[in-house]
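Contents: one structure, followed by commentary.
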Protein chains: 2
Amino acid sequence: MTTQQLTKNQGLVFDVLSHSDSPLSAYTILDKLRDNGFRAPLQVYRALDKLLEFGLVHRLESINAFVACAHPNEGCHNHGITAFTICETCGKVTEFHDHVIEDRLKAFAKDRNFKTGKTTIEIRGTCAGCA
Amino acid sequence: MTTQQLTKNQGLVFDVLSHSDSPLSAYTILDKLRDNGFRAPLQVYRALDKLLEFGLVHRLESINAFVACAHPNEGCHNHGITAFTICETCGKVTEFHDHVIEDRLKAFAKDRNFKTGKTTIEIRGTCAGCA
DNA sequence: AATGTGAATGTAATGTTATTACATCAATTG
DNA sequence: CAATTGATGTAATAACATTACATTCACATT
């Protein structure tokens with residue numbers, strides 16, 4: 001999935017997220033795109049829904065915010081479960097993938113016949129630079 | 001931590017959560033406690049803050065809802081990172097603790113000098129009974 | 001070029017979740 | 001008893017997200 005097949009609104013939203021050094025809320029994105037004709041939250045949420053679907057963007061559940069994927073050209077969906085550290089001081093987000101954790105969670109779910117949908121792993125704290 | 005040293009509001013909120021078979025939103029709790037004199041969201045949020053602090057209740061970040069801890073008498077804070085499966089059909093939540101996952105996350109954080117605060121692990125999907 | 005279809009968009013209104021601000025009350029302690 | 005601290009009550013507002021409905025755009029088929 002490259003960024004070329006995105007629609008205008010999807011492209012604008014992805015661009016804003018890509019150029020941000022910290023996660024953004026939907027309403028912050030909206031404000032940044034007012035000059036581009038955005039008027040309503042739904043324009044942002046609809047674009048985000050598609051970007052999430054494409055694996056170009058991640059939603060950080062614990063802070064109600066969105067970040068561009070760290071490796072959008074590869075399609076993040078290929079990498080299995082995505083985990084994040086989120087610095088509560090500077091907002092810096094680091095995305096990582098750990099197959100051991102993934103296997104462990106899968107095994108737990110399998111043992112209980114739990115059919116896994118989306119998995120969230122988020123570590124909030126303080127990054128090295130802010131400590 | 002037993003339930004005895006809770007204040008009136010904390011006790012009421014904990015009671016509602018304890019008797020629910022699925023997670024509840026703050027506003028749902030508020031509605032259930034109207035007859036007990038609750039009038040405003042803040043009464044619920046303040047009680048929840050304390051219950052979270054005591055380890056008697058967990059917040060499910062991915063669905064903006066709250067559940068009573070599965071083993072409140074032991075103080076969940078003693079069990080390290082808490083993970084959950086959340087059935088999107090029936091709402092059933094299962095709490096579990098996995099030291100391998102915990103060690104792995106701790107190691108990742110340590111490697112990057114990331115000071116870990118709260119960690120969220122939530123698997124949403126479909127439970128065995130709903131499949 | 002006209003038409004049909006599905007995806008994307010525009011807009012308003014509303015619903016849901018959470019916090020700020022400020023006043024009051026209750027328990028404890030010096 | 002005064003002072004402090006934690007809990008509570010209440011109103012207002014902020015922040016996040018969805019529903020509903022009308023319109024437009026892209027594109028395939030005729």
Side-chain angles (χ1 to χ4, degrees), chain A residues 1 3-17 20 22-54 56-67 86 88 91 93 118 120 122 124, chain B residues 1 3-17 20 22-54 56-67 86 88 91 93 118 120 122 124:
Chain A
M1 169 65 60
T3 178
Q4 293 167 328
Q5 49 207 292
L6 300 179
T7 65
K8 182 182 159 226
N9 286 3
Q10 290 161 17
L12 288 166
V13 169
F14 182 68
D15 214 51
V16 166
L17 283 174
S20 173
S22 60
L24 300 176
S25 75
Y27 279 75
T28 300
I29 296 169
L30 174 57
D31 286 341
K32 288 182 183 295
L33 289 175
R34 296 245 181 231
D35 292 344
N36 294 277
F38 274 47
R39 315 291 297 276
L42 194 49
Q43 295 176 291
V44 177
Y45 283 110
R46 283 201 277 229
L48 286 171
D49 282 348
K50 284 296 177 186
L51 293 170
L52 289 166
E53 185 185 321
F54 299 154
L56 293 174
V57 160
H58 300 291
R59 176 187 170 87
L60 301 174
E61 305 284 357
S62 65
I63 58 170
N64 295 325
F66 303 84
V67 282
I86 305 169
E88 293 177 321
V93 171
K118 192 192 168 193
T120 296
E122 298 175 13
R124 291 186 300 301
Chain B
M1 170 66 59
T3 177
Q4 292 167 330
Q5 48 206 294
L6 300 180
T7 66
K8 183 184 158 223
N9 285 4
Q10 289 160 18
L12 287 166
V13 169
F14 182 67
D15 215 51
V16 167
L17 282 174
S20 173
S22 60
L24 300 177
S25 75
Y27 280 76
T28 301
I29 295 170
L30 174 57
D31 286 341
K32 288 182 183 294
L33 289 175
R34 297 246 181 229
D35 292 346
N36 294 278
F38 274 49
R39 316 290 297 277
L42 195 49
Q43 295 175 291
V44 177
Y45 282 110
R46 283 201 277 229
L48 286 171
D49 282 348
K50 285 296 177 185
L51 295 169
L52 289 166
E53 185 184 321
F54 299 154
L56 292 174
V57 160
H58 299 291
R59 177 188 170 85
L60 301 174
E61 305 284 358
S62 66
I63 59 171
N64 296 324
F66 302 85
V67 282
I86 305 170
E88 293 178 319
V93 170
K118 194 195 167 193
T120 297
E122 298 174 15
R124 291 188 299 302

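Letters A, B, ... are given to chains in the order of the sequence lines, protein chains preceding strands, and every chain is numbered from 1. Quick caveat: nothing in here was measured; it's all calculated off a predicted structure.
Between B/R124 and B/I63, the shortest heavy-atom contact is CD-CG2, 4.0 Å. Counting all heavy atoms, side chain and backbone alike, B/P41 lies closest to B/Y27 at CG-OH, 3.3 Å. Scanning all heavy atoms of the two residues, the minimum distance from A/L51 to A/F14 falls at CD1-N, 3.8 Å.
Computed from coordinates, the A/L12 CG to C/dG10 C1' distance equals 15 Å when rounded to whole Å. One atom, CD of B/Q5, and another, P of D/dG6, lie 16 Å apart when rounded to the nearest Å. The CG atom of A/L42 sits 17 Å away from the P atom of D/dT23 (whole-angstrom rounding). Residue A/I63 contributes atom CD1, which lies 15 Å from atom P of D/dA15 at whole-angstrom precision. What separates CG of B/L6 from C1' of D/dT8 is a distance of 15 Å, to the nearest Å. Taking atom CZ of residue A/R39 and atom P of nucleotide D/dT23, one finds them 17 Å apart after rounding to whole Å. Taking atom CD1 of B/I29 as the reference point, atom P of C/dA18 lies 10 Å away to the nearest angstrom. Look at NZ on B/K8: it is 15 Å from P on C/dC25, rounded to the nearest Å.
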Q) Checking side chain to side chain contact (heavy atoms under 4.5 Å, CB included) for the pair B/Q5/B/Q10: CA distance, chi angles, key distance, verdict? A) CA-CA 9 Å; B/Q5 48 206 294; B/Q10 289 160 18; over 6 Å; no

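With centres under 5.5 Å and a plane angle under 30°, the ring of B/Y27 is stacked against the base of C/dT17.
When the nearest nucleotides of DNA chain C are assigned to A/G37 and B/F66 by heavy-atom distance, the more 5′-ward of the two goes with A/G37.
B/S20 places no side-chain N or O within 3.5 Å of a backbone atom of B/P23 that could act as its donor or acceptor partner.
No hydrogens or angles considered: nothing links the side chains of A/T120 and B/E122 as a donor-acceptor pair under 3.5 Å.
Side-chain nitrogen and oxygen atoms of B/R59 include at least one within less than 4.0 Å of the OP1 or OP2 phosphate oxygen of C/dA18. Between B/T7 and D/dA7 there is no side-chain N or O to OP1 or OP2 distance below 4.0 Å. Under 4.0 angstrom from either OP1 or OP2 of D/dA17 there lies at least one side-chain N or O belonging to A/N64.
Contacts of residues 43-53 of chain B with DNA chain D (heavy atom under 4.0 Å): B/Q43, B/R46, B/K50.
Ion pair B/D31/B/R34 flagged as a salt bridge, since at least one NZ, NE, NH1 or NH2 atom sits closer than 4.0 Å to an Asp/Glu carboxylate oxygen.
Distances from the side chain of A/Q10 to the nucleotides D/dT19, C/dT17, C/dA8 place C/dA8 closest.
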